[in-house]
Amino acid sequence: MPDASLKKKRPLWYDLNLLHLPLPGLVSILHRISGALLFFGLVWFLFLLDMSLASEQGYARFARYVSQPLVKLALLVLLWAYLHHFCAGIRYLFLDIDKGVDLAAARATSGLVLAVSLALTAILGWVLLW
Amino acid sequence: MVTRTVVGAHYGLRGWLAQRISAVVMAVYTIVLVVALAAIRPADYATWKTLFGHGLMRVATLLFIASVLLHAWVGMRDILMDYIKPTGLRLALHVTVILLLAGYAGWAVQILWRT
């Protein structure tokens with residue numbers, strides 16, 4: 001039977017400043033935060049898709065709506081959330097098959113996930129929103 | 001008295017697997033959509049409507065949305081299990097998430113199959 005007292009020997013991380021986390025930890029918590037953001041963004045995505053596909057007038061309203069600066073900013077944040085979740089998720093799929101699990105590789109791929117998702121957000125954000 | 005420690009033993013395997021399969025479906029759809037958008041460059045209603053009106057695209061989008069909803073359920077379930085400890089509140093939030101996602105499924109079908 002598993003010994004419940006073993007739990008106490010696990011390393012604990014009390015530093016709540018996300019930027020002090022090791023890179024894989026930062027990617028991990030951002031994966032969770034971006035996932036939660038996307039869940040709350042779902043209703044808005046469906047609203048936008050509904051409006052844009054409803055009719056000629058709906059499409060025109062959609063085009064005007066998404067050209068507002070604040071809407072663009074919100075879409076950019078959600079785009080980052082999607083791309084970070086996407087890149088970090090692919091990293092986890094590789095970890096599942098035991099690829100990149102040693103410390104050096106785990107750190108390197110974490111940095112790669114952060115960089116690639118930010119770069120893709122900049123590129124796709126520019127192309128799609130501006 | 002039951003002294004068994006309730007850990008492991010495949011309780012989470014189905015959710016774990018669903019999370020990965022739905023992730024692969026979404027990743028493939030995302031790449032297909034980006035390529036389609038780059039090729040078609042929809043800039044007006046007619047092109048936009050044609051893109052999502054295509055039979056294959058409709059079904060692919062529905063599969064994508066189904067994967068999103070399943071993925072969102074497993075993810076939100078995990079988040080709520082981690083942070084919400086009172087059983088009643090957790091159950092209420094789980095039910096809220098399920099009802100929301102089920103509602104979104106119906107909404108998505110309406111959006112895609114509206115004439």
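Below, read A as the first sequence line, B as the second, and so on, with proteins coming before strands; counting in each chain starts at 1.
Proximity to chain A (any heavy atom under 4.5 Å) is restricted, for B/Trp107, to the side chain, taken from C-beta onward. Using a 4.5 Å cut-off between heavy atoms, A/Leu46 contacts chain B through both its backbone and its side chain. Using a 4.5 Å cut-off between heavy atoms, B/Tyr104 contacts chain A through both its backbone and its side chain.
Tracing side-chain contacts under 4.5 Å through hydrophobic residues (I, L, V, M, F, W, Y), one never reaches A/Val101 starting from A/Leu103; they form parts of separate clusters. A chain of hydrophobic side-chain contacts below 4.5 Å, direct or via other Ile, Leu, Val, Met, Phe, Trp or Tyr residues, connects A/Val71 to A/Phe47. B/Trp113 and A/Met51 fall within a single hydrophobic cluster, where Ile, Leu, Val, Met, Phe, Trp and Tyr side chains are chained together by heavy-atom contacts under 4.5 Å. Residues A/Ile29 and A/Trp80 share a hydrophobic cluster, clusters being chains of Ile/Leu/Val/Met/Phe/Trp/Tyr side chains in contact below 4.5 Å. Linking ILVMFWY residues whenever their side-chain heavy atoms come closer than 4.5 Å, directly or via other members, leaves B/Val74 and A/Leu93 in distinct clusters.
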Throw together a table of side-chain donor-acceptor distances under 3.5 angstrom for residues 34-45 of chain A, partners on residues two or more places apart or in other chains.
from: A/Ser34; atom 1: OG; to: A/Leu30; atom 2: O; distance (Å): 2.7
from: A/Ser34; atom 1: OG; to: A/His31; atom 2: O; distance (Å): 3.1
from: A/Ser34; atom 1: OG; to: A/His85; atom 2: ND1; distance (Å): 3.2
from: A/Trp44; atom 1: NE1; to: A/Tyr65; atom 2: OH; distance (Å): 3.1

Residues 18-40 of chain B, side-chain donor-acceptor partners within the protein, below 3.5 Å, at least two apart:
from: B/Gln19; atom 1: OE1; to: B/His71; atom 2: ND1; distance (Å): 3.3
from: B/Gln19; atom 1: NE2; to: B/His71; atom 2: O; distance (Å): 3.4
from: B/Arg20; atom 1: NE; to: A/Asp96; atom 2: OD2; distance (Å): 2.5
from: B/Arg20; atom 1: NH1; to: B/Trp16; atom 2: O; distance (Å): 3.1
from: B/Ser22; atom 1: OG; to: B/Ala18; atom 2: O; distance (Å): 2.7
from: B/Ser22; atom 1: OG; to: B/Gln19; atom 2: O; distance (Å): 3.1
from: B/Ser22; atom 1: OG; to: B/His71; atom 2: ND1; distance (Å): 3.0
from: B/Tyr29; atom 1: OH; to: B/Thr61; atom 2: OG1; distance (Å): 2.8
from: B/Thr30; atom 1: OG1; to: A/Tyr82; atom 2: OH; distance (Å): 2.6
from: B/Thr30; atom 1: OG1; to: B/Met26; atom 2: O; distance (Å): 2.6

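Chosen from B/Leu112, B/Val68, B/Ile79, the residue pairing most often with chain A at heavy-atom distances under 4.5 Å is B/Ile79. The candidate from A/Gly89, A/Ala63, A/Ser55, A/Ala60 with the greatest count of non-hydrogen atom pairs under 4.5 Å with chain B is A/Ser55.
By a heavy-atom distance cut of under 4.5 Å, B/Val97, B/Leu100, B/Leu101 are the residues of residues 88-102 of chain B near chain A, going up by number.
With sequence neighbours excluded, the residues that form a side chain to side chain contact (heavy atoms under 4.5 Å, CB included) with A/Asp102 are A/Ala104, A/Ala105.
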- Message: With salt bridge (Lys or Arg N to Asp or Glu O under 4.0 Å) as the criterion, how do B/Asp78 and A/Arg32 come out once you've worked through the C-alpha distance, each side chain's angles and the decisive distance to 0.1 Å?
- Response: CA-CA 10 Å; B/Asp78 289 354; A/Arg32 173 159 283 196; 5.7 Å; no

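Within 6.0 Å of atom CZ in A/Phe94, 12 or fewer heavy atoms from other residues, nucleotides or ligands are found, so the atom counts as exposed in its surroundings.
Residues A/Asp50 and B/Arg114 have side chains in contact (heavy-atom distance under 4.5 Å, counting atoms from C-beta outward).
Atom OH of B/Tyr45 is separated from atom OG of A/Ser52 by 8.5 Å, given to the nearest 0.5 angstrom.
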